[in-house]
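First comes the structure, then the notes that go with it.
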Amino acid sequence: MLQIFSITFPFFALVLCGYAAARRLLLPLEAVTGLNSFVLFFALPCMLYRFGANTPLPQLLDVGVFLTYSVCALVMVAFTVAISLNRRIGWNDAAFGALVAAFPNSGFMGVPLLVALLGAQAAGPVIATMVIDMLVTTSLCIAFSRLDGTDVHGASKAFKSALKGVAGNPLPWAILLGALASALQLELPKPVAQTVGLLADAASPVALFTIGAVLARSQMLAARHKHPPIPLGDYLPVAALKLFLHPLLVLLVGSSAIQLGLPLDRFALTVLVLVAALPSASNVSLLAERFGADNGRIARIILVSTAAAFVTFSLAVSWLT
């Protein structure tokens with residue numbers, strides 16, 4: 001465990017540094033958006049491109065990984081929505097609660113952390129999960145969020161909006177370009193490759209720092225706008241689903257798939273389980289705010305899952321490896 005903590009501690013420490021910097025106003029709240037944009041549009045796409053280009057194409061297009069993770073994502077969304085709907089929580093809030101329960105922080109945290117723990121071969125399965133979460137899980141949850149009558153155009157418009165958002169997201173395009181470079185054995189010109197390398201190297205520390213800053217900003221904005229107190233029952237169970245049910249479900253479905261003969265490698269299954277054990281994706285808070293959901297509740301789920309994951313994720317690594 002000490003060896004595992006020695007690897008995971010710096011990642012979570014950087015999240016804490018970002019949180020403390022924003023809370024102490026060492027980092028102005030207005031600057032958090034700029035940091036987030038730098039990671040999203042420059043550093044993280046370069047990191048994903050580099051991993052994609054250096055990963056054999058069969059690892060990026062693993063059918064077993066796609067089927068196993070997709071089934072688990074759909075089950076998580078359906079189950080979380082089913083147990084969340086009540087008089088206080090309508091379709092909009094339930095849908096984004098489901099998204100935050102099924103969407104791990106695989107981009108900002110998962111890729112660098114799992115590569116550090118398991119080696120470069122872990123990048124392929126992690127990137128595959130990101131594609132599923134961005135294309136399938138997010139689109140489905142946004143469509144569900146429109147079912148409570150808050151939008152006269154309903155789910156159809158939501159699906160179109162989700163697809164438009166995916167098209168404008170640089171991460172899928174970076175993954176696609178990296179896969180093409182891997183398939184065609186293309187190499188960038190040396191000056192371009194060095195530029196991509198510098199940005200890719202910056203992705204991990206800046207992204208982790210930004211996660212903490214985003215979480216702190218969400219809390220501070222909720223307090224500034226005098227957001228009413230949120231019952232523990234509205235967010236703690238969802239955080240527990242993310243940290244415990246999601247990885248357990250992936251393990252059970254993946255193990256069953258292997259027993260049934262599905263082409264799923266044991267190492268890939270280990271990576272998938274650890275991806276599911278990651279805390280909730282911080283960008284869901286931005287989506288919730290955009291679509292008018294209770295962002296205070298979503299931010300609390302992300303904060304609780306991120307804080308608790310320092311222990312729960314490390315235990316999962318120790319158990320699986």
Side-chain angles (χ1 to χ4, degrees), residues 11 14-15 34-62 65-66 69-70 73 102-139 162-163 165-189 191-211 214 267-268 271-272 274-276 278-284 286-287:
F11 290 83
L14 281 174
V15 176
L35 274 179
N36 205 40
S37 296
F38 170 75
V39 173
L40 181 62
F41 291 99
F42 293 94
L44 195 54
C46 290
M47 184 181 74
L48 293 176
Y49 173 85
R50 185 169 67 178
F51 277 124
N54 294 329
T55 302
L57 194 61
Q59 293 183 24
L60 296 174
L61 301 176
D62 192 321
V65 168
F66 274 93
Y69 192 80
S70 296
F103 195 162
N105 212 333
S106 46
F108 281 25
M109 182 179 288
V111 174
L113 179 53
L114 289 174
V115 168
L117 285 166
L118 303 176
Q121 66 270 30
V126 180
I127 291 173
T129 67
M130 291 179 61
V131 173
I132 295 167
D133 283 324
M134 287 185 290
L135 295 180
V136 179
T137 314
T138 300
S139 300
L163 292 175
V166 168
N169 187 337
L171 303 187
W173 297 108
I175 294 171
L176 176 61
L177 290 174
L180 287 175
S182 174
L184 301 176
Q185 296 295 304
L186 296 178
E187 291 188 8
L188 296 174
V192 177
Q194 289 178 334
T195 304
V196 169
L198 287 173
L199 287 169
D201 291 339
S204 179
V206 180
L208 294 167
F209 189 90
T210 303
I211 292 171
V214 168
F267 175 79
V271 175
L272 292 184
L274 292 179
V275 167
L278 289 167
S280 302
S282 56
N283 64 307
V284 178
L286 302 177
L287 281 174

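- Using a 4.5 Å heavy-atom cutoff, the side chains of Pro45 and Leu171 are in contact.
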Under the side chain to side chain contact (heavy atoms under 4.5 Å, CB included) criterion, do Asn105 and Ser280 qualify, and how do the steps go? CA-CA 5 Å; Asn105 212 333; Ser280 302; over 6 Å; no

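- Taking all atoms of both residues into account, the shortest heavy-atom contact from Val196 to Cys46 is O-CB, 3.6 Å.
- At a threshold of 4.5 Å between non-hydrogen side-chain atoms, the residues Phe209 and Val206 do not count as touching.
- For Phe108 against Ser282, the heavy-atom pair with the smallest separation is CD2-OG, 4.1 Å.
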Between Phe51 and Val115, is the side chain to side chain contact (heavy atoms under 4.5 Å, CB included) condition met? List the steps. CA-CA 10 Å; Phe51 277 124; Val115 168; 3.8 Å; yes

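- Here the CG-CG distance, from Asn36 to Asn283, works out to 8.0 Å after rounding to the nearest 0.5 Å.
- Considering every non-hydrogen atom in both Met130 and Gly107, the closest pair reads CE-CA, 3.7 Å.
- Within the 3.5 Å criterion, the main-chain N or O of Val136 finds no donor-acceptor partner in the side chain of Ser139.
- Put simply, the side chain of Ser106 never gets that close to the backbone of Val126: no donor and acceptor are under 3.5 Å apart.
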Is there a side chain to side chain contact (heavy atoms under 4.5 Å, CB included) between Leu199 and Leu44 once you walk through the steps? CA-CA 8 Å; Leu199 287 169; Leu44 195 54; over 6 Å; no

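- Nearest heavy-atom pair, Thr137 versus Ala73, reported as atom, atom and distance to 0.1 Å: OG1-CB, 3.6 Å.
- Taking the side chain as every heavy atom from C-beta outward, Phe66 and Thr129 never approach each other to under 4.5 Å.
- Put simply, the side chain of Phe103 does not reach to within 4.5 Å of the side chain of Leu278, judged on heavy atoms.
- Distance CG/Asp62 to CG/Leu57: 11.0 Å, rounded to 0.5 Å.
- Leu14 contributes atom CG, which lies 10.0 Å from atom OG1 of Thr210 (distance to the nearest 0.5 angstrom).
- The shortest heavy-atom contact between Leu60 and Ala128 is O-CB, 4.3 Å.
- By the 4.5 Å heavy-atom criterion applied to side chains, Ser182 and Thr55 are not counted as neighbours.
- Using a distance-only test at 3.5 Å, with no hydrogens or angles considered, no donor-acceptor pair links the side chain of Ser204 to the main chain of Pro112.
- For the atom pair CG of Leu177 and CG of Leu48, the computed distance is 11.0 Å after rounding to the nearest 0.5 Å.
- The two residues Phe11 and Ala116 have their closest heavy-atom pair at CZ-CB, 4.0 Å.
- At least one side-chain heavy atom of Val15 sits less than 4.5 Å from a side-chain heavy atom of Met109.
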Would you please test Met134 and Ile175 for side chain to side chain contact (heavy atoms under 4.5 Å, CB included) and show each step? CA-CA 12 Å; Met134 287 185 290; Ile175 294 171; 4.0 Å; yes

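- Distance check, rounded to the nearest 0.5 Å: CG of Leu176 to CD1 of Ile127 gives 12.0 Å.
- For Phe42, the CZ atom is loosely surrounded, since the number of other residues' heavy atoms within 6.0 Å does not exceed 12.
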